[in-house]
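Here is the structure we will look at.
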Amino acid sequence: MDFSKLVSLLDSRCLYFARADKLGDPFEGSWPQLNIRPRQSSDGREIQPIGHTDIRKMWTKYVAINCWHINDHESAAMWKLYLQSNEGIAVQSSYKTLRDAIIDDEIVYLGVVKYIDYETHFLEPPGLALLGDPFATNLNPFIHKRKSFEHEREARALVLKLPIGKGHWDVKYGEETINHGLKVKVDLKQLVERVYVAPTAPEWFADLVRAVIKKYGYEFEVVHSKLDEQPVY
């Protein structure tokens, strides 16, 4: 993330969840072709399609997403793709730590993204409700992406905010519940394991990151990435 987003994280003690239709992927939240058109199972039975509806497309306005990259090592590609300048940072955490650090009243769902071919893959349609929420299983498309995004190795935290009316099943589609995104409270001391400074950043920037973190009362280890260090021949 850029330095300004780190400051926002420290100041608000919240993770930012962007509305799904603001992420820039037109396939966000969509179903594969085999789910949309009729097909037969291996034993000859006809499987009914879920069909394509405007309501299903509206779900991208009711789901907010916070994205993480899963890797045992730093990714040079991620540094280049997600920084607007040399002065950027990466926050290191873990799946379990992220789960435990969320202290917001919002219900947050976590999942590891699976990368599929949208022309040949069949995605299991909604089944049993999760955690007592009959709508939660409709989040399945939001933890699937096209294979061309496999380099992201993404884990996601998701918040579902449907415009529920008087009854639990009364959904007022068309009403907005999320503007551009929303903030979810987290325990930063639990969430952040260490902070990495971009490999192309100058040393003074690393010192600035340490100073700002300390100013907000935290003692996170700050590591200057060595991805750009020169090899020894």
Side-chain angles (χ1 to χ4, degrees), residues 15-42 45-71 75 77-78 81-82 95 98-99 106-165 168-184:
L15 289 174
Y16 182 74
F17 285 56
R19 202 170 78 178
D21 63 341
K22 303 294 184 181
L23 294 177
D25 180 4
F27 277 69
E28 196 68 64
S30 67
W31 291 84
Q33 291 292 328
L34 291 183
N35 287 90
I36 304 301
R37 59 175 184 257
R39 73 186 191 97
Q40 286 188 334
S41 64
S42 57
R45 291 182 299 105
E46 183 173 303
I47 297 177
Q48 294 298 318
I50 62 171
H52 177 76
T53 67
D54 290 335
I55 288 179
R56 195 162 287 112
K57 189 175 182 180
M58 286 182 187
W59 270 65
T60 58
K61 297 181 182 294
Y62 303 130
V63 176
I65 302 174
N66 182 258
C67 308
W68 293 76
H69 172 70
I70 299 180
N71 212 330
S75 168
M78 291 296 104
L81 284 171
Y82 289 96
Y95 190 94
L98 171 62
R99 181 196 67 193
E106 295 283 1
I107 296 176
V108 180
Y109 302 94
L110 269 64
V112 177
V113 173
K114 296 179 181 178
Y115 300 92
I116 62 174
D117 185 332
Y118 276 69
E119 294 185 1
T120 62
H121 188 90
F122 180 76
L123 189 60
E124 289 299 325
L128 297 175
L130 298 176
L131 301 180
D133 187 342
F135 297 104
T137 47
N138 288 283
L139 292 173
N140 202 14
F142 292 94
I143 54 170
H144 289 80
K145 296 185 72 171
R146 289 173 287 173
K147 282 186 172 294
S148 54
F149 290 92
E150 279 187 301
H151 61 279
E152 293 181 347
R153 300 182 62 169
E154 188 178 344
R156 288 182 157 188
L158 306 100
V159 170
L160 173 62
K161 290 185 73 69
L162 288 171
I164 302 296
H168 191 64
W169 292 95
D170 179 20
V171 182
K172 297 184 176 181
Y173 290 107
E175 293 186 7
E176 285 199 358
T177 57
I178 304 170
N179 189 1
H180 289 280
L182 53 86
K183 292 183 176 182
V184 172

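In this text the structure is predicted, and so the values were computed from the model without any measurement.
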Can you find a pair of side-chain heavy atoms, one from Leu158 and one from Phe17, that are under 4.5 Å apart? no
Which heavy atom of Gly29 sits nearest a heavy atom of Pro141, and at what distance? O-CB, 3.5 Å
Does Asn66 use its side chain to pair, donor to acceptor, with the backbone of Tyr16 at less than 3.5 Å? yes
Taking ring-ring contact (aromatic ring centres under 6.0 Å, His included) as the definition, give me every residue that meets it alongside Phe27, ordered by chain and number, with sequence neighbours left out. Tyr118
Contact check, side chains of Val112 and Tyr95, non-hydrogen atoms, under 4.5 Å: yes
Going by atom type alone, with no hydrogens or angles, which donor-acceptor pairs under 3.5 Å involve a side-chain atom of residues 172-183 and a protein atom two or more places apart or on another chain?
{"from": "Thr177", "atom 1": "OG1", "to": "Lys161", "atom 2": "O", "distance (Å)": "2.5"}

Measure the CG-CG distance between Asn140 and Leu123 for me, rounded to the nearest 0.5 Å. 4.5 Å
Glu152: side-chain hydrogen bond (donor to acceptor under 3.5 Å, both in side chains) partners, not counting sequence neighbours: Tyr82, Lys145
Given the options Lys57, Arg156, Arg146, Glu28 meets salt bridge (charged side-chain N to carboxylate O under 4.0 Å, His left out) only with Arg156
I'd like to check the salt bridge (Lys or Arg N to Asp or Glu O under 4.0 Å) partners of Asp117; sequence neighbours left out, ordered by chain and number. none
Compare every heavy atom of Leu160 with every heavy atom of Leu139, then report the nearest pair and how far apart it is. CD2-CB, 4.3 Å
Which heavy atom of Leu34 sits nearest a heavy atom of Glu119, and at what distance? CG-O, 4.1 Å
Among residues at least two apart in sequence or on other chains, which ones pass side-chain hydrogen bond (donor to acceptor under 3.5 Å, both in side chains) with Asp21? Arg19, Lys61
Verdict with reasoning, Tyr109 to Ile143, per side chain to side chain contact (heavy atoms under 4.5 Å, CB included): CA-CA 10 Å; Tyr109 302 94; Ile143 54 170; over 6 Å; no
From Asn138 CG over to Tyr62 OH, what is the distance, rounded to the nearest 0.5 angstrom? 13.5 Å
Non-neighbouring partners of His151 that pass side-chain hydrogen bond (donor to acceptor under 3.5 Å, both in side chains), sequence neighbours left out: none
Validation row: Trp68, Ile70 side chains within 4.5 angstrom (heavy atoms): no
His144 side chain reached by Trp31 side chain, heavy atoms, under 4.5 Å: no
